[in-house]
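What follows is one structure encoded as structure tokens, with my remarks underneath.
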Amino acid sequence: MSNDILQRLTETLEARKQAAPESSYVAKLFSKGDDAILKKVIEEAGEVLLAAKDGDKQHLVYEVADLWFHTLVLLAQKGLSAEDVLQELARREGVSGIEEKANRK
């Protein structure tokens with residue numbers, strides 16, 4: 001189910017790249033470029049932190065969904081997708097976080 005949602009979102013985001021800015025929120029974000037998209041990711045990350053501190057689990061889920069969505073917009077802007085991130089997570093699976101971080105250098 002999760003991959004189906006990510007696949008549908010990826011397809012929708014790709015379609016919005018070609019859409020007129022006035023036709024959708026995402027098309028408008030794409031038309032504004034990297035800075036607008038990055039600003040939204042930062043804004044949503046801050047809202048996740050605040051929701052986590054508030055202790056309201058449903059609000060936290062809502063804000064994380066916003067963060068994930070805007071992160072997917074950023075990935076699409078850069079020619080990447082959720083699948084690229086999932087592949088990276090799969091690569092890291094079973095590898096110590098300490099070891100993985102040391103191998104980045």
Side-chain angles (χ1 to χ4, degrees):
M1 180 179 102
S2 299
N3 284 346
D4 291 343
I5 292 167
L6 291 175
Q7 182 59 40
R8 287 193 307 271
L9 275 171
T10 297
E11 291 168 4
T12 299
L13 294 174
E14 284 302 314
R16 295 296 190 271
K17 283 182 176 181
Q18 308 307 318
E22 60 276 0
S23 69
S24 83
Y25 169 75
V26 172
K28 188 174 186 176
L29 264 181
F30 281 136
S31 75
K32 290 182 175 183
D34 288 357
D35 286 347
I37 296 168
L38 293 169
K39 182 178 176 185
K40 283 304 294 182
V41 171
I42 291 168
E43 175 187 323
E44 297 303 339
E47 290 176 5
V48 166
L49 296 176
L50 293 173
K53 289 185 70 107
D54 288 345
D56 180 340
K57 290 182 180 183
Q58 188 56 46
H59 186 218
L60 178 58
V61 168
Y62 178 88
E63 295 300 346
V64 169
D66 280 353
L67 177 58
W68 285 12
F69 178 80
H70 287 89
T71 301
L72 290 170
V73 172
L74 175 61
L75 288 170
Q77 174 78 355
K78 298 299 183 180
L80 298 166
S81 71
E83 185 60 32
D84 296 303
V85 176
L86 293 172
Q87 287 175 7
E88 176 60 17
L89 289 172
R91 184 191 69 77
R92 294 182 188 186
E93 188 175 17
V95 176
S96 158
I98 294 169
E99 179 185 334
E100 194 282 326
K101 191 166 185 170
N103 287 334
R104 290 186 207 172
K105 295 178 181 179

For residues 12-27, which residue pairs qualify under salt bridge (charged side-chain N to carboxylate O under 4.0 Å, His left out), counting only residues two or more places apart or in two chains?
->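 Checked against salt bridge (charged side-chain N to carboxylate O under 4.0 Å, His left out) - neighbours excluded - the pairs reaching residues 12-27 are Glu14-Lys17.
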Close side-chain approach of [X] and [Y], heavy atoms under 4.5 Å:
X: Val48; Y: Asp66; result: no
X: Phe69; Y: Val41; result: no
X: Val85; Y: Leu75; result: yes

Begin with the C-alpha distance, continue with both residues' side-chain angles, and end with the deciding distance and a verdict on salt bridge (Lys or Arg N to Asp or Glu O under 4.0 Å) for Arg92 and Glu88.
-> CA-CA 6 Å; Arg92 294 182 188 186; Glu88 176 60 17; 2.9 Å; yes
Determine whether Leu9 and Leu89 fall in the same hydrophobic cluster, where Ile, Leu, Val, Met, Phe, Trp and Tyr are linked whenever their side-chain heavy atoms lie under 4.5 Å apart.
-> yes
Determine whether Leu49 and Trp68 fall in the same hydrophobic cluster, where Ile, Leu, Val, Met, Phe, Trp and Tyr are linked whenever their side-chain heavy atoms lie under 4.5 Å apart.
-> no
With Lys78 via side-chain hydrogen bond (donor to acceptor under 3.5 Å, both in side chains) - residues at least two apart |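 Listed in chain order: Asp34.
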Please report the closest heavy-atom contact between Thr10 and Ala82, naming both atoms and the distance.
-> OG1-N, 4.3 Å
Could you list the residues that satisfy salt bridge (charged side-chain N to carboxylate O under 4.0 Å, His left out) with Glu11, not counting sequence neighbours?
-> none
Point-to-point distance, once rounded to the nearest 0.5 Å, from OG1 of Thr71 to CG of Leu38 =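 Rounded to the nearest 0.5 Å, the OG1-CG separation comes out at 10.0 Å.
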Value for CD (Glu47) from NE2 (His70), rounded to nearest 0.5 Å, stands at 9.0 Å
Please name all residues satisfying side chain to side chain contact (heavy atoms under 4.5 Å, CB included) with Ile37, sequence neighbours left out, ordered by chain then number.
->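 With sequence neighbours excluded, Ile37 shows a side chain to side chain contact (heavy atoms under 4.5 Å, CB included) to Leu29, Phe30, Val73, Leu74, Gln77, given in chain and number order.
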Under the side chain to side chain contact (heavy atoms under 4.5 Å, CB included) test, residues paired with Lys32 that sit two or more places apart = Lys28, Ala36
Hey, could you give me each pair passing side chain to side chain donor-acceptor pair (under 3.5 Å) that has a residue in residues 50-61? Not counting sequence neighbours.
->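 Side chain to side chain donor-acceptor pair (under 3.5 Å) check on residues 50-61 returns His59-Glu63.
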Which of these, Leu67, Val26, Leu13, sits in a side-chain contact (heavy atoms from CB on, under 4.5 Å) with Leu72?
->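 When Leu67, Val26, Leu13 are each tested with Leu72, the side-chain contact (heavy atoms from CB on, under 4.5 Å) holds only for Leu13.
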Donor-acceptor pair, Thr12 side chain versus Arg8 backbone, under 3.5 Å?
-> yes
